[in-house]
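Remember, predicted model here, so these are calculated numbers, not experimental data. Excluded from the calculations below are hydrogen atoms, water molecules and symmetry mates; all remaining heavy atoms, backbone and side chain alike, are included.
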Amino acid sequence: MQPRHGGILQTTLNNLIGPERTKRLFDVLLIDPVLTEDSGPRVTRANLAQALNMLLFENLIERVPAAKIYVEECLRDGKTIMHDHGAVRTIAMAGMGSLPAGQESITRILRPLGYALNGVYPLERLGMTGRSHAQVDFPEEIAQFFISELHPERFSAGFLAALSRVVSTSTDPLTHEAQVLLEELETSRSLSVDQAVALLPVLVSCFGRQHGEITLEDYETLLAESAEAAWISTEGNAFNHVTDRVEDVDQLADEQKALGQPMKAAVETSQSGRVRQTAFRAALVPRIFRMADGSSLEKEVPGSFLEFITRLPLPEEDSVKKGLDLSFDSSNAQAIFKMTSISKS
């Protein structure tokens, strides 16, 4: 049996979140033995990338009731989850306060962790572009990031004005101290345990809502043209979804439907036929909106969700790339994005 506990990765997380939460994450997530057997003394960029993904996975599970039930079932039954990728939504526009525009707000922290661009996916129906980033040391074993950028110029003037009001108050969570540590990580490809423990919470904070309060009028203006922009206005750069890579997504979908989980009706298949995806519908979360008279209103809006994916190997005749097909599919992605629409289609 492959070892699932130990090494510098466990030490780092123990020091940051305590042994109880660390053990739970090690119990439910499938982690490559090379990472768990690495005894240090330095925390490599790969282990930092793995640790960040584990923390972001935990964060989403706590925010999505259906995902929490699924994880509890896995823990109860001794099953593991292979975290395939996490998805983040960004806005490609200037005037976002001190926050860098678009995907740069995220890729600037991924590059020192060993991530590189792995694919570009036009999401034309949504007015967006998606890009996948894979960790170059462990591309199949450490979760990818799927970062989408909304292109505001493709929408109306009223939409653009509302979006500008929403994001203009954005602040940059990446501190000077964290930037210095990222520069060291990019140069040396490792940090001490103390440095890793100091850096990780700041990196986690980059995956959140960075702007202030929003008005219901602006939210509804965005929602009328883009469910994705409306989602960003309430959730920001939080993980839109995390993904369990499973052997048979169709079987899993049937099992989860039978358990009464809020499963998407259909399984999406890529043009190649090698990537199949489905998901739970997004959790509904309460958010506060400012009204025209200055009062506040609490309203339920779509939050995040858990996705499932099956990846088949690349064709044997592909002499350049080997292993699993780690690509995405524009049609699949746009269908999965509908999980956060108000209609929950």
> Under the side chain to side chain contact (heavy atoms under 4.5 Å, CB included) criterion, do E177 and Q179 qualify, and how do the steps go?
Replying inline: CA-CA 5 Å; E177 293 78 11; Q179 292 177 30; over 6 Å; no

>> If you apply the rule side chain to side chain contact (heavy atoms under 4.5 Å, CB included), what do you find for V275 with D329, and how did you get there?
In response: CA-CA 8 Å; V275 181; D329 182 274; 5.8 Å; no

>> side chain to side chain contact (heavy atoms under 4.5 Å, CB included) for V301 and Y219? Distances and angles first, verdict last.
In response: CA-CA 10 Å; V301 297; Y219 176 79; 3.4 Å; yes

> Does the side chain to side chain contact (heavy atoms under 4.5 Å, CB included) test come out yes or no for Q50 and I31, once each step is laid out?
Replying inline: CA-CA 8 Å; Q50 179 64 39; I31 306 169; 3.9 Å; yes

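A cation-pi arrangement is not found for R63 relative to F57, the charged atom failing to lie both closer than 6.0 Å to the ring centre and inside a 45° cone about the ring normal. Both tests do not hold together for R125 against F337: distance to the six-membered ring centre under 6.0 Å, angle to the ring axis within 45°.
The closest side-chain donor-acceptor pair between H85 and T243 falls under 3.5 angstrom. When only modelled atom types and interatomic distance are considered, R154 and S226 share no side-chain donor-acceptor pair under 3.5 Å.
Residue F26 is grouped with residue L75 when hydrophobic side chains (ILVMFWY) are merged at heavy-atom distances under 4.5 angstrom, including chains of intermediate members. Taking hydrophobic clusters as Ile, Leu, Val, Met, Phe, Trp and Tyr residues chained together by side-chain heavy-atom distances below 4.5 Å, L60 shares a cluster with L56. I69 is not connected to F280 by any chain of hydrophobic side-chain contacts under 4.5 Å among Ile, Leu, Val, Met, Phe, Trp and Tyr, and they are in different clusters. Note on L324: it does not cluster hydrophobically with L30, by side-chain heavy-atom contacts below 4.5 Å among ILVMFWY residues. A continuous path of Ile, Leu, Val, Met, Phe, Trp and Tyr side chains, each step under 4.5 Å between heavy atoms, connects L29 with L55, placing both in one hydrophobic cluster.
Note on E186 versus R111: no salt bridge recorded, every NZ/NE/NH1/NH2 to OD/OE distance being 4.0 Å or above.
Between M96 and L99, some side-chain heavy-atom pair lies under the 4.5 Å cut-off. Side-chain contact between H133 and Q144 is absent, with no heavy atoms from C-beta onward closer than 4.5 Å.
Each of L222, V166, V167 was evaluated against I214; a single residue qualifies, V166, per the side-chain contact (heavy atoms from CB on, under 4.5 Å) test.
For F239 and F305, the gap between ring centers reaches or exceeds 6.0 Å.
E247 CD: 12 or fewer foreign heavy atoms inside a 6.0 Å radius. No more than 12 heavy atoms of other residues, nucleotides or ligands lie within 6.0 Å of NZ in K299, so this atom counts as exposed by the packing criterion. For R189, the CZ atom sits in a loose shell: 12 or fewer heavy atoms of surrounding residues, nucleotides or ligands are nearer than 6.0 Å. Around CD of E217, the count of heavy atoms belonging to other residues, nucleotides or ligands within 6.0 Å does not exceed 12. Surrounding CD of Q271 are at most 12 heavy atoms belonging to other residues, nucleotides or ligands under 6.0 Å away.
Judged as a side chain to side chain donor-acceptor pair (under 3.5 Å), and not counting sequence neighbours, the contacts of E307 are H241, Q277.
Note that CG of D32 is 11.5 Å distant from CG of D137, once rounded to the nearest 0.5 Å.
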